[in-house]
Amino acid sequence: MRLKSSYFYTMKENVSDEETVSGNLLTRSGMIKKSSAGIYILLPLGLRVIRKIEAIIKEEMENINCTELLMPSLLPEDVFIKSGRRDNFGKNMFALKDRNEKSYVLGPSHEEMFTIAANMKIKSYKDLPINLYQLQTKYRDEPRPRFGLVRLREFIMKDAYSFDKDLDGLDVSYQNMYKAYCNIFDRLGLNYTVVKADTGLMGGFLSEEFQALTEIGEDLLVVCEHCKYSSNIEIATCVDVAVENNEAHKEKELVHTPNSRTIEEVSKTLNEEAGKFVKTLIYKADNSFLACLVRGDRELNEVKLKKLLNIQSLEMASKEDVRNITGADVGFAGPIDLNITVVIDNEVTHMKNFIVGANKTDYHYKNVNLSDFKYKLAADIRNITEADPCPVCGKNIVFKKGIEVGNIFKYGSKYSESMGLYYADSNSSQIPVSMGAYGIGVERCLAAVVEQSNDEKGIIWPMNIAPFKACIVIANTSNERQVEVAEEIYNKLTAKGIDVLLDDRDERIGVKLNDMDLIGIPIRILVGKNIQNNIVELKYRNQKDFIELQYPNGLDEMNF
RNA sequence: CGGGGCAUAGCGCAGUUUGGUAGCGCGCACGGUUCGGGACCGUGAGGCCGCAGGUUCAAAUCCUGUUGCCCCGACCA
């Protein structure tokens with residue numbers, strides 16, 4: 001591509017509606033442009049990167065015999081009603097009606113559609129296994145799109161689905177996909193880790209996430225560097241061992257704690273550490289209320305709670321509900337004489353003489369013990385902390401932040417049963433197909449790469465996905481010899497099939513070099529003054545110094 | 001959905017407190033001087049001050065409503 005006659009622009013300053021490094025660099029380098037919240041234009045340069053990522057994905061999919069097809073974006077709402085997911089997605093689905101008032105949605109995910117497609121082919125065990133995928137635009141009306149290309153409302157997803165006879169078959173497909181995913185993210189040049197995760201909205205019984213490690217990551221990952229345990233915090237298990245505690249059992253005592261609603265406030269009022277408190281969180285779980293107890297300085301883990309009690313919808317109770325249930329203002333709830341279901345965190349069972357709300361405005365109880373109230377069960381319902389031991393080996397864990405760039409699921413028969421995808425085995429029995437699903441967020445990969453690979457000058461693309469592998473900069477376009485040589489190099493490399501950019505703009509050299517640094521082209525060939533001595537200058541974006549190359553021989557020997 | 005912030009030229013911002021007819025830098029156009037790391041001088045184009053109402057002789061500025069964008073949170077008990 002010749003820059004002079006192409007769509008290309010850069011910006012010197014950061015834009016105000018992007019907060020992240022990647023959002024800003026991609027915007028400033030003219031690769032993307034925000035259209036509305038969570039929706040972007042992919043400009044020519046940005047699209048080239050997207051296409052390269054897609055090409056890598058396609059190769060790796062073909063390598064494991066996964067076949068591409070393309071689903072529509074506009075889907076009849078009925079299929080989601082049939083699978084039972086219409087309500088799960090709720091407001092996250094963009095919904096619309098056609099002229100005849102028939103309801104459609106913009107596909108947020110395509111399990112149902114792939115199940116329908118699979119049903120056309122799969123009749124017998126002889127038709128299995130089968131793997132299908134697509135690269136297609138997904139629509140999700142996220143409550144809060146953010147972080148540039150990280151959380152989008154319209155985005156390209158590679159979604160693949162495996163269809164097997166049984167769980168053993170599924171396991172083979174799953175492992176193949178796992179390896180393909182590692183290949184893909186390796187080739188993209190991402191620094192990532194794989195963690196166990198909640199199956200969430202998609203359902204099923206196993207999910208692992210490929211997490212690109214960056215500070216702007218929205219997911220908190222729990223990693224043990226001793227035994228390789230790694231998990232999304234949402235399902236990281238807390239192991240609470242009873243600690244030696246010789247404290248004498250004391251009698252509970254009502255204490256006055258005016259205007260002390262939060263743990264922070266009460267701990268100040270009573271001059272006690274947060275760890276001495278047990279907080280009581282009132283939830284509305286489906287259609288009943290629930291009180292959950294965790295230590296004052298801990299966070300409740302809603303994913304664990306939902307799983308534990310098989311809850312569909314879980315939200316904090318309203319102020320009014322809390323008042324009705326506890327008889328006190330928000331901030332003074334406690335488990336004593338509370339007549340709703342009480343669930344306590346395992347850790348609380350090891351505590352003695354702790355402090356809880358008194359269900360009376362401006363009062364707490366201190367020296368409370370388990371025998372002072374009733375509870376339905378004790379379980380692991382809190383978030384793990386960095387001070388907790390690894391649940392597998394007991395050693396130290398660390399937290400990391402990640403962007404979820406890929407996710408793989410074992411569904412089993414969840415969708416095949418709801419969508420009626422059965423095959424005949426050798427006895428002609430109808431057996432539900434075992435399914436797996438495998439997603440990659442294409443724009444997210446791009447954002448994650450930029451987050452991980454940049455400097456004060458701009459983006460540093462890995463060779464595999466750079467919009468161009470090399471750029472040729474003409475130092476002075478009014479020098480005929482420089483132009484001539486640059487053209488020769490450009491034509492030669494182009495003829496070899498190498499993506500190369502020719503900066504033939506009539507700009508000062510500084511402008512051109514800075515632009516090339518900003519857009520992050522890995523290899524730069526500068527044709528300038530030294531061409532008098534048949535020398536061109538070669539510089540790698542990720543290195544500091546340039547190399548003098550003899551022209552033309554030095555270039556001909558280079559590998560791109 | 002709750003809280004906060006912002007909206008003025010393509011981009012970044014000032015002007016709003018105290019109402020008087022719009023400004024700076026970058027970018028863009030033209031001319032000149034420059035020309036190996038974002039040049040300099042001069043001239044110039046470009047804005048319904050997010051949108052809709054209202055107050056006023058007069059509104060970017062005050063009032064009401066609305067939309068969009070960003071951030072924080074989705075909690076605290």
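In what follows, chains are A, B, ... by sequence order, proteins preceding strands, each numbered from 1. What you are looking at is a predicted structure, and each value in this text was computed from that prediction instead of being measured.
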In whole angstrom, give me the gap between the [atom1] atoms of [N] and [M].
N      : M      : atom1 : answer
G19(B) : A58(B) : C1'   : 8 Å
U16(B) : G27(B) : P     : 28 Å
U61(B) : U21(B) : P     : 14 Å
C62(B) : G73(B) : P     : 31 Å
C69(B) : G54(B) : C1'   : 26 Å
A22(B) : A9(B)  : C1'   : 11 Å
C51(B) : G68(B) : C1'   : 10 Å
G23(B) : C28(B) : P     : 22 Å

Is any N or O donor-acceptor pair between the side chain of Glu13(A) and the base of G27(B) shorter than 3.5 Å? no
Touch class at under 4.0 angstrom, heavy-atom based, for [X] against every strand present:
X         : result
Ser36(A)  : sugar-phosphate
Glu265(A) : nothing
Asn530(A) : base
Arg146(A) : sugar-phosphate
Val322(A) : base
Leu526(A) : base
Gly357(A) : nothing

Partner nucleotide, any strand, of [N] [Watson-Crick/G-U, under 3.5 Å]:
N      : answer
A39(B) : U33(B)
C76(B) : none
U21(B) : none
C28(B) : G44(B)
A14(B) : none
C49(B) : none
U61(B) : none

Could you tell me whether Lys512(A) and Glu507(A) make a salt bridge, using a distance below 4.0 angstrom between a side-chain N and a carboxylate O? no
Would you call Glu487(A) and Arg2(A) a salt bridge, taking side-chain N to carboxylate O under 4.0 Å as the test? yes
Distance under 6.0 Å and angle within 45° of ring axis: Arg261(A) vs Phe332(A): no
Just how far, in rounded Å, is [atom2] of [N] from [atom1] of [X]?
X         : N      : atom1 : atom2 : answer
Asn14(A)  : C26(B) : CG    : C1'   : 14 Å
Lys268(A) : C76(B) : NZ    : P     : 18 Å
Tyr7(A)   : G10(B) : OH    : P     : 14 Å
Lys34(A)  : G12(B) : NZ    : P     : 12 Å
Leu300(A) : A74(B) : CG    : C1'   : 14 Å
Leu43(A)  : G10(B) : CG    : C1'   : 14 Å
Asn24(A)  : G12(B) : CG    : P     : 10 Å
Glu264(A) : C75(B) : CD    : P     : 18 Å

Going by the angle between their ring planes, with limits at 30° and 60°, are Tyr9(A) and Tyr7(A) parallel, tilted or perpendicular? perpendicular
Can you tell me how far CG of Asn14(A) sits from CD of Glu19(A), rounded to the nearest 0.5 angstrom? 9.5 Å
Can you tell me how far the OG atom of Ser29(A) sits from the CE atom of Met516(A), to the nearest 0.5 Å? 10.5 Å
Between Ser16(A) and C13(B), is there a side-chain N or O to OP1/OP2 distance below 4.0 Å? yes
Gln482(A) versus Val527(A), closest heavy-atom pair with distance: OE1-O, 3.4 Å
What one should report as the nearest heavy-atom pair of Glu443(A) and Leu149(A) is O-CB, 3.9 Å
Heteroatom pairs (N/O) under 3.5 angstrom, protein to nucleotides 28-33 of chain B:
none

Intermediate values then yes/no, side-chain hydrogen bond (donor to acceptor under 3.5 Å, both in side chains), Asn369(A) and Asn353(A): CA-CA 5 Å; Asn369(A) 288 282; Asn353(A) 304 325; 2.9 Å; yes
For Glu480(A), give me all partners under salt bridge (Lys or Arg N to Asp or Glu O under 4.0 Å), at least two apart in sequence or on another chain. none
For the residue pair Asn514(A) / Lys457(A), report whether a side-chain donor-acceptor contact shorter than 3.5 Å exists. yes
If you check every side-chain atom of Thr262(A), which of C69(B), C72(B), C76(B) has the closest atom? C76(B)
Between the side chain of Asn24(A) and the main-chain N/O of Glu18(A), is any donor-acceptor distance below 3.5 Å? yes
With the sugar-phosphate defined as primed atoms, P, OP1 and OP2, and the base as all remaining atoms, what B/S/- string results for nucleotides 37-42 of chain B, 5' to 3', for protein heavy atoms under 4.0 Å? BBB---
Taking for each residue the nucleotide of RNA chain B bearing the nearest heavy atom, is the 5' side occupied by Glu299(A) or by Pro145(A)? Pro145(A)
